[in-house]
Amino acid sequence: MAEALADLDEAQTAPDDAARDDAMAMLAQSLSRAARKRGLSRQGELGARAPYDPARQVLDDAGGRPPKTVRIAARGVSRGAEVLCSIRVRRLRKRRP
């Protein structure tokens with residue numbers, strides 16, 4: 001976790017886009033290592049379409065009817081069978097004719 005915090009500082013103070021991209025990649029690796037050491041795993045595939053399941057997912061807006069299909073905006077986190085953070089989803093945008 002300490003490495004991730006240091007990597008976050010580098011990402012926030014990066015002088016240009018290329019340096020920021022490199023620092024963000026290092027931050028992602030550091031967070032993944034810290035998560036593995038703590039037995040955490042990610043749930044869902046970022047950007048994927050999935051059937052809406054209110055028991056496992058949190059919809060970004062509560063207005064209107066529940067959608068049938070959603071897009072995963074943020075993966076969930078679990079430790080074994082315990083869900084620590086639900087999958088965050090968004091409604092699919094309607095296609096315009």
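One is the number of the first residue; the rest follow in order along the sequence. Scope of the values below: all heavy atoms of this structure, side chains included, with no hydrogens, waters or symmetry mates.
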Nearest atoms (heavy-atom pairs only) where [X] meets [Y]:
| X | Y | answer |
| --- | --- | --- |
| Ala14 | Ala19 | CB-C, 3.8 Å |
| Asp61 | Arg91 | OD1-NE, 2.7 Å |
| Ile72 | Gly44 | CD1-CA, 4.0 Å |

### Message
For a side chain to side chain contact (heavy atoms under 4.5 Å, CB included) check, start with the C-alpha distance between Gln12 and Leu8, then their side-chain angles and the critical distance, and finish with the verdict.
### Response
CA-CA 6 Å; Gln12 290 178 325; Leu8 175 62; 4.0 Å; yes

### Message
Tell me whether Arg71 contacts the main-chain N or O of Leu92 through its side chain, where contact means a donor paired with an acceptor under 3.5 Å.
### Response
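The answer is no, because no donor-acceptor pair under 3.5 Å joins these two groups.
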
### Message
Any side-chain to backbone donor/acceptor pair from Arg79 onto Arg38? Under 3.5 Å, distance only.
### Response
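Checking the backbone N and O of Arg38 against the side chain of Arg79, a donor-acceptor pair under 3.5 Å is found.
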
To the nearest 0.5 angstrom, please state how far the [atom1] atom of [X] sits from the [atom2] atom of [Y].
| X | Y | atom1 | atom2 | result |
| --- | --- | --- | --- | --- |
| Ser41 | Arg75 | OG | CZ | 10.5 Å |
| Arg20 | Thr13 | CZ | OG1 | 9.5 Å |
| Asp22 | Asp7 | CG | CG | 11.0 Å |

#### Entry: Check: Leu59 and Pro67 side chains under 4.5 Å, non-hydrogen atoms
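Yes, side chains in contact.
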
### Side-chain touch Val70/Arg90, heavy atoms, less than 4.5 angstrom
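A side-chain contact is absent here, since even the closest heavy-atom pair is not under 4.5 Å.
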
### Task
May I ask whether Leu31 and Met24 are part of the same hydrophobic cluster, defined by side-chain heavy atoms of I, L, V, M, F, W, Y residues being less than 4.5 angstrom apart, directly or through others?
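Yes, it is one cluster - the side chains of Leu31 and Met24 are joined through contacts under 4.5 Å.
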
### Query
Do you reckon Ile87 sits in the same ILVMFWY cluster as Tyr52, going by side-chain contacts under 4.5 Å, direct or chained?
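Yes.
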
### Query
So Asp60 and Arg88, side chain to side chain contact (heavy atoms under 4.5 Å, CB included) or not? Walk me through it.
CA-CA 7 Å; Asp60 69 347; Arg88 295 182 210 157; over 6 Å; no

### Query
Between Arg56, Gln57, Arg49, which is the residue that forms a side-chain contact (heavy atoms from CB on, under 4.5 Å) with Val89?
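Option passing the side-chain contact (heavy atoms from CB on, under 4.5 Å) with Val89: Gln57.
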
### Task
Take Leu84 and Ser78 through the test side chain to side chain contact (heavy atoms under 4.5 Å, CB included) and record every step on the way to the result.
CA-CA 5 Å; Leu84 303 175; Ser78 64; 5.6 Å; no

### Query
When you check the gap from the basic side-chain N to the acidic O, do Glu3 and Arg33 get nearer than 4.0 Å?
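Yes, Glu3 and Arg33 are salt-bridged.
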
